[in-house]
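First the structure, in the form of structure tokens, and then the observations on it.
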Amino acid sequence: MAYDLDFERPLAVLERQISEQEKKVEGAQRRPDRHKPGELDAMAAELANLREKLIQETRSTYAKLSPWERVQVARHKQRPYTRDYIKLMCEEFFELRGDRHYGDDRAIQGGVACLNGRAVVILGHQKGRDTRERMECNFGMAHPEGYRKAMRLMRHAERFHMPVITLIDIAGAAIDLEAEERGISVAIAENLIGMAQLRTPILCVVTGEGGSGGALGISVGDRILMLEHSIYTVASPEAAASILWRDSAFAPNAAETMKITAQDLLERGLIEEIVPEPLGGAHRDLAEMAAILKDTITHNLNELCALPVNELLQARYQRYRAIGESSHALAPAASVS
Amino acid sequence: MAYDLDFERPLAVLERQISEQEKKVEGAQRRPDRHKPGELDAMAAELANLREKLIQETRSTYAKLSPWERVQVARHKQRPYTRDYIKLMCEEFFELRGDRHYGDDRAIQGGVACLNGRAVVILGHQKGRDTRERMECNFGMAHPEGYRKAMRLMRHAERFHMPVITLIDIAGAAIDLEAEERGISVAIAENLIGMAQLRTPILCVVTGEGGSGGALGISVGDRILMLEHSIYTVASPEAAASILWRDSAFAPNAAETMKITAQDLLERGLIEEIVPEPLGGAHRDLAEMAAILKDTITHNLNELCALPVNELLQARYQRYRAIGESSHALAPAASVS
Amino acid sequence: MKDETESALSNVNSNGAHPDGRVKALPQNLAVKCPNCREVLVGKDWEKNFHICSKCGYHFRLSAPERIELLLDEGTFEEFAADLTSGDPLSFVSRSQPYRTKLETERANTGLTEAVVVGRGQIEGMPLVIVVMDFRFIGGSMGTIVGEKITRAIETAADERLPLLICSASGGARMQEGLLSLMQMAKTSAALGHLADVGCPYISLLTDPTTGGVSASFAFLGDVILAEPGALIGFAGPRVIEQAIHQKLPKDTNTADFVRAHGMIDDIVHRRDLRAVLGQLLRIYGQCMEVVTVESSAANE
Amino acid sequence: MKDETESALSNVNSNGAHPDGRVKALPQNLAVKCPNCREVLVGKDWEKNFHICSKCGYHFRLSAPERIELLLDEGTFEEFAADLTSGDPLSFVSRSQPYRTKLETERANTGLTEAVVVGRGQIEGMPLVIVVMDFRFIGGSMGTIVGEKITRAIETAADERLPLLICSASGGARMQEGLLSLMQMAKTSAALGHLADVGCPYISLLTDPTTGGVSASFAFLGDVILAEPGALIGFAGPRVIEQAIHQKLPKDTNTADFVRAHGMIDDIVHRRDLRAVLGQLLRIYGQCMEVVTVESSAANE
Ligand SMILES: [Zn+2]
Ligand SMILES: [Zn+2]
């Protein structure tokens with residue numbers, strides 16, 4: 001996979017050098033007689049050197065990504081989506097469709113699955129990979145029936161005492177007339193109260209973009225994890241910029257100021273854990289990403305499933321109750337008179 | 001109100017005679033000098049006589065209505081509807097609208113009310129009186145959102161420990177593309193299971209036509225009452241006739257054979273109580289009908305609300321469980337080998 | 001409710017099938033004709049192909065015994081409640097035909113005692129309770145005994161903590177038993193509420209046709225709802241709706257595709273994949289059932 | 001979410017009102033101009049008429065103190081949590097304007113400490129907990145302190161077994177507090193779950209405008225949901241939707257009429273009838289609340 005993001009340009013240059021060097025080495029190997037002794041070894045060493053350099057450069061680039069750069073990674077078109085994770089993590093999966101009221105929203109998909117031998121309900125936003133799928137999924141921007149299907153699946157999990165795993169990756173809930181007609185506000189609101197009271201563990205993982213109410217509608221749970229380069233925000237940086245800076249070009253500033261990265265949010269106690277990504281981002285190695293996530297999910301579920309459900313619910317209530325209390329770490333006591 | 005049903009023709013004749021006699025008496029009273037002594041008294045006596053005769057005839061006619069004649073009464077265009085009962089029975093009423101998913105079906109209406117000082121949820125089919133209202137209500141033929149609203153109101157009742165009163169009067173659930181698209185089957189089915197498990201008393205009253213699944217969708221409860229001239233049937237007599245007799249003209253036969261009257265169903269143990277109607281049918285005296293029904297509802301709710309909810313639910317389960325068991329009164333042991 | 005299906009049926013089968021849904025085998029069962037594409041199929045191939053048309057994929061209706069043979073591990077089916085047979089609670093007679101006689105005829109024609117067969121069995125070695133309706137028997141209509149047998153199956157699943165599979169094929173309630181039939185909708189649904197409380201999964205398979213009172217009760221209450229391709233599924237049949245609204249309906253109205261598109265079912269499963277899909281579901285739910293039964297029995301105390 | 005409302009606002013008020021929704025009184029408050037029909041209204045009449053245009057029925061926005069005066073029995077309001085004021089958790093600055101300064105300006109302009117006022121009060125002699133948002137304060141946006149005050153009000157209602165009334169007027173979450181604001185949606189909703197468990201009724205009154213994160217959380221979770229005539233109500237404002245779909249919307253999109261027609265609210269209540277309707281609801285629910293609290297406390301053990 002090519003390095004194709006703006007801030008990856010130096011890496012892309014290195015990548016091109018590597019590919020040229022590879023061709024050189026290959027050509028030389030085909031006709032070793034044409035080269036001086038040692039020349040071939042030197043060429044191979046140079047190639048290895050370049051490769052090592054790329055790894056180092058990638059590592060250092062990704063170690064100090066700006067929030068706006070993370071936004072680019074979180075939105076990468078090759079980033080793994082919910083269906084990828086399901087396919088790569090679950091031993092068995094059966095999709096449950098439909099809200100039993102109106103339709104089957106492809107922007108949120110999920111079903112029952114076995115994950116490391118445990119029956120779970122897993123669901124998440126699906127942005128879609130190719131054009132056809134993206135259209136079908138409305139680019140992951142879910143409609144009311146998506147949230148209602150999600151709640152139906154979670155009630156299903158509750159009935160069968162399966163834990164729920166939600167994967168969040170959405171720019172924002174659908175903004176159109178149909179969404180309003182069928183009550184996108186009501187659908188999200190009912191999920192918030194429904195998830196707060198669901199009598200089974202809920203583990204939420206922000207895998208890409210956690211965009212506003214559309215993200216929150218499936219991410220009320222016992223623990224919120226975020227992938228290393230994912231973001232979670234009250235409004236998209238572009239939207240925030242166009243209001244607070246009166247120009248959407250200030251999106252990078254908004255991304256910085258609003259504290260939307262996994263690192264910012266862990267620091268502020270709003271999430272429980274960061275899930276490391278493969279070098280250069282999840283999209284560079286889907287299988288490794290899925291393996292890491294599977295391990296993370298498993299150890300979290302092991303802990304959550306061991307708790308009596310009443311304790312779980314009380315802790316879940318307290319988790320949210322504490323956000324923005326005057327005693328909260330984020331609201332300095334001084335400013336709350 | 002004029003006697004306007006087919007079988008009421010003799011009563012209509014009497015009514016016309018009374019009205020003529022009334023005019024005569026009135027005329028005579030205006031000019032008493034033109035009449036012989038005693039003539040005026042005789043005319044008045046004749047009027048009283050005719051009036052008494054009408055009452056007697058009405059009583060005897062209504063005492064031996066055929067099932068098909070009862071169908072006519074149950075469908076009378078002046079029969080009291082849900083809104084009439086609410087207005088006449090409840091001290092306070094606030095309508096709760098909408099299913100919070102799609103729309104507000106006017107074919108099923110209801111809300112919170114005070115009935116004899118008790119907070120209740122009351123809801124029912126509304127056929128509509130004039131043309132405009134009938135169109136708006138789809139003649140009482142409810143769509144999925146009507147059943148979903150009904151269930152929402154019943155959950156509301158459950159939360160606030162209010163008993164539920166449902167009034168049933170529907171030819172049948174909506175038969176159209178929209179009903180199928182939004183899952184009329186699912187909506188009714190979910191009400192059946194929801195009502196079977198609702199943790200508050202449910203009292204159902206068939207006030208007019210209890211038409212098939214469209215009726216059942218709001219009539220699973222602890223007790224089913226039927227107004228004296230109401231019907232409750234698995235399929236409309238016309239539909240049954242057109243299938244089983246291959247000619248809808250046999251509707252009267254179907255009405256007879258299918259045992260659809262309150263009397264037939266009480267005898268078979270399928271309902272708990274018959275609510276008497278004013279002489280000549282509920283439509284002849286809405287206020288009296290409502291007063292009778294209010295009393296009946298009150299004494300039933302007094303009993304149901306006194307039961308612990310677990311007992312209530314067990315009895316409700318048994319009520320339905322027993323229908324069609326081999327031991328059931330209606331399935332003679334002999335024929336169940 | 002029955003009318004809807006009967007109308008619907010004549011619709012579905014307008015091209016050759018017997019109106020009750022049975023396919024007339026050509027002489028000596030050597031060949032059958034597909035009612036959908038009119039292809040003449042070699043009988044043996046057709047049987048091996050799960051009674052599916054090899055040309056157009058049309059799923060022929062299956063009788064209850066055929067369905068059981070298709071789905072269950074060989075030799076695992078144990079029927080129960082087989083001795084329950086319908087009485088004639090209303091002494092029903094229409095067009096000089098007593099219902100009682102009709103029942104006898106149907107019994108003779110189908111070899112069944114009623115429109116449903118219930119029992120225990122296994123799929124891929126996993127035990128379950130299975131309910132299979134048979135459309136040949138008075139259109140699979142639900143009378144008191146159909147309702148009673150289904151309720152007993154549900155209760156058995158609940159008592160023995162087994163998964164439940166119901167294969168529906170029905171035009172709705174049985175008119176000849178009047179309101180008693182309608183009440184079976186409530187009875188079976190209430191029983192499913194109890195099943196849900198004890199945490200047993202219920203898989204509902206909708207086959208051609210599933211309409212009327214059956215669709216408006218247990219058929220659409222599955223924890224998982226599957227349908228066979230092409231099945232007619234809905235409250236009313238398309239013919240009845242067209243008569244009611246005086247308009248032509250879109251061609252796919254109330255098909256399996258239609259109900260899936262409208263979010264009413266989980267998936268459409270080709271008949272050759274059914275056993276595998278059911279096996280997968282039983283494995284997944286099997287993993288949580290022990291947990292559930294332990295916890296729910298604690299909660300119910 | 002804020003953007004949606006701000007756009008929506010410019011939409012609603014395109015004919016004369018100040019963009020933050022405050023109406024500019026003409027000199028000495030002798031007259032006000034209706035932003036809907038442009039009628040010039042006599043100030044005293046307009047105030048007696050509940051701030052409604054006598055010509056077209058337009059409901060002017062009310063400040064929190066005005067709303068409280070309108071709804072509660074005189075002298076019964078006791079504010080609590082008034083001392084909670086927003087910090088600046090992210091040290092937020094945009095366009096050289098620190099959020100901290102913005103807060104100070106809003107406090108000075110409105111005389112309020114935050115975009116919501118909460119307290120106890122009575123309507124027709126019946127006690128309740130009341131929450132009133134004020135759109136003048138940063139568009140009624142919900143930051144941590146707004147969420148905190150509302151949550152405390154909900155908890156107070158639950159603890160004291162009182163009915164709860166929330167009058168919403170908000171453009172959504174407060175962007176300047178980042179994700180902390182979004183989480184107030186979850187926090188308030190969870191608290192409402194607790195309130196429902198103890199059986200206290202929650203009446204939600206949607207006033208102009210109710211959008212974004214407020215509409216997608218507590219505002220639409222009322223046991224009874226009322227709206228004022230003409231209020232803008234929805235997830236997104238019409239302008240934002242039009243920009244997103246590149247199409248004109250029907251004129252009534254996301255009005256009170258629109259959400260009622262789509263089954264999302266119980267009724268639209270004219271401002272002059274509000275007290276009476278609330279009184280009626282408190283009477284009805286009051287009759288079952290004693291029963292509820294006794295039974296639910298038993299059930300929770
Ligand atoms: Zn074919
Ligand atoms: Zn005006």
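Reminder, nothing fancy here: chain letters follow the sequence lines and each chain counts from 1.
Heavy-atom distances place both the backbone and the side chain of Arg246(A) under 4.5 Å from chain D. When heavy atoms are compared at a cutoff of 4.5 Å, Ala261(D) does not approach chain A at all. For chain A, no part of Val259(D) is nearby; none of its heavy atoms comes within less than 4.5 Å. In this structure, chain A has a heavy atom under 4.5 Å from the side chain of Phe258(D), while its backbone stays farther away. With a 4.5 angstrom heavy-atom cutoff, Ala244(D) touches chain A only via side-chain atoms. Within the 4.5 angstrom heavy-atom criterion, atoms from both the backbone and the side chain of Val186(A) approach chain D. Neither the backbone nor the side chain of Gln97(D) comes within contact range of chain A; no heavy atom of the residue lies under 4.5 Å from a heavy atom of that chain. Ser215(D) touches chain A through backbone and side chain together, each having a heavy atom under 4.5 Å away. For chain D, the nearby parts of Tyr232(A) are the backbone and the side chain; heavy atoms of each come within less than 4.5 Å. Only the side chain of Ala196(A) comes within less than 4.5 Å of a heavy atom in chain D; its backbone stays farther off. For a residue to count as touching a neighbouring chain, one of its non-hydrogen atoms must lie under 4.5 Å from one of that chain's; by this rule Leu192(D) touches chain A with backbone and side chain alike. Of the atoms belonging to Glu155(D), it is side-chain heavy atoms, and not backbone ones, that fall under 4.5 Å from chain A.
Ranking Ser91(D), Gly234(D), Ala196(D), Ser189(D) against chain A, the residue ahead of the rest is Ser189(D), based on heavy-atom pairs under 4.5 Å. Of the residues considered (Glu177(D), His262(D), Met183(D)), His262(D) shows the highest number of contacts with chain A, using heavy-atom pairs under 4.5 Å. Options Gly263(D), Ser181(D), Ala191(D) differ in how many heavy-atom pairs under 4.5 Å they form with chain A, and the most are formed by Ala191(D). Residue with the most contacts toward chain A among Thr253(D), Thr188(D), Asn254(D): Asn254(D) (heavy-atom pairs, distance under 4.5 Å). Of the listed residues (Gly193(D), Gly147(D), Gly143(D)), the one with the most heavy-atom contacts under 4.5 Å to chain A is Gly193(D). Taking chain A as the reference chain and counting heavy-atom pairs below 4.5 Å, the highest number among Leu221(D), Ile225(D), Ile245(D) is found for Leu221(D).
For the residue pair Met258(A) and Met175(D), the shortest heavy atom distance occurs at SD-O, 4.1 Å. Here the closest heavy-atom approach between residue Leu216(A) and residue Ala186(D) is recorded as CD2-N, 4.1 Å. Shown here for Gly324(A) and Ile145(D), the closest heavy-atom pair between the two residues is O-CD1, 4.4 Å. A pairwise comparison of heavy atoms in His194(D) and Gln197(A) identifies N-NE2, 3.9 Å as the closest pair. Of all the heavy atoms in Pro250(D) and Leu177(A), the pair that sits closest is CD-CD2, 3.8 Å. When all heavy atoms of Thr233(A) and Leu182(D) are compared, the closest pair comes out as O-CD2, 4.2 Å.
Between the side chains of Gln247(D) and Asp176(A), no donor-acceptor pair of N or O atoms lies under 3.5 Å.
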request  = Go through the steps to decide whether Ile175(A) and Val240(D) satisfy the test side-chain contact (heavy atoms from CB on, under 4.5 Å), and finish with yes or no.
outcome  = CA-CA 8 Å; Ile175(A) 300 285; Val240(D) 174; 4.2 Å; yes
task = Any chance you could lay out the side-chain contact (heavy atoms from CB on, under 4.5 Å) test for Leu244(A) and Arg95(D), step after step, and finish with the verdict?
result = CA-CA 7 Å; Leu244(A) 297 176; Arg95(D) 301 177 70 236; over 6 Å; no
side-chain contact (heavy atoms from CB on, under 4.5 Å) between Thr257(A) and Leu90(D), worked out = CA-CA 7 Å; Thr257(A) 317; Leu90(D) 308 184; 5.9 Å; no
task = Go through the steps for Phe220(D) and Ile188(A) under the test side-chain contact (heavy atoms from CB on, under 4.5 Å), then give the verdict.
result = CA-CA 9 Å; Phe220(D) 267 118; Ile188(A) 291 175; over 6 Å; no
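The side-chain heavy atoms of Glu180(A) and Ile241(D), taken from C-beta on, include a pair separated by under 4.5 Å. At a threshold of 4.5 Å between non-hydrogen side-chain atoms, the residues Leu179(D) and Ile260(A) do not count as touching.
Lys259(A) contributes no side-chain N or O that, together with a main-chain N or O of Gly178(D), makes up a donor-acceptor pair within less than 3.5 Å.
The CD atom of Glu181(A) lies 9.0 Å from the CE atom of Met264(D); values are rounded to the nearest 0.5 Å. Note that the CG atom of Leu192(A) and the NZ atom of Lys187(D) stand 14.0 Å from one another [nearest 0.5 Å].
Atom CD of Glu273(A) is surrounded by more than 12 heavy atoms from other residues, nucleotides or ligands within 6.0 Å.
Partners of Arg75(A) according to the side-chain hydrogen bond (donor to acceptor under 3.5 Å, both in side chains) rule, which considers only residues two or more places apart in sequence or in another chain, are Glu209(A), Glu238(A).
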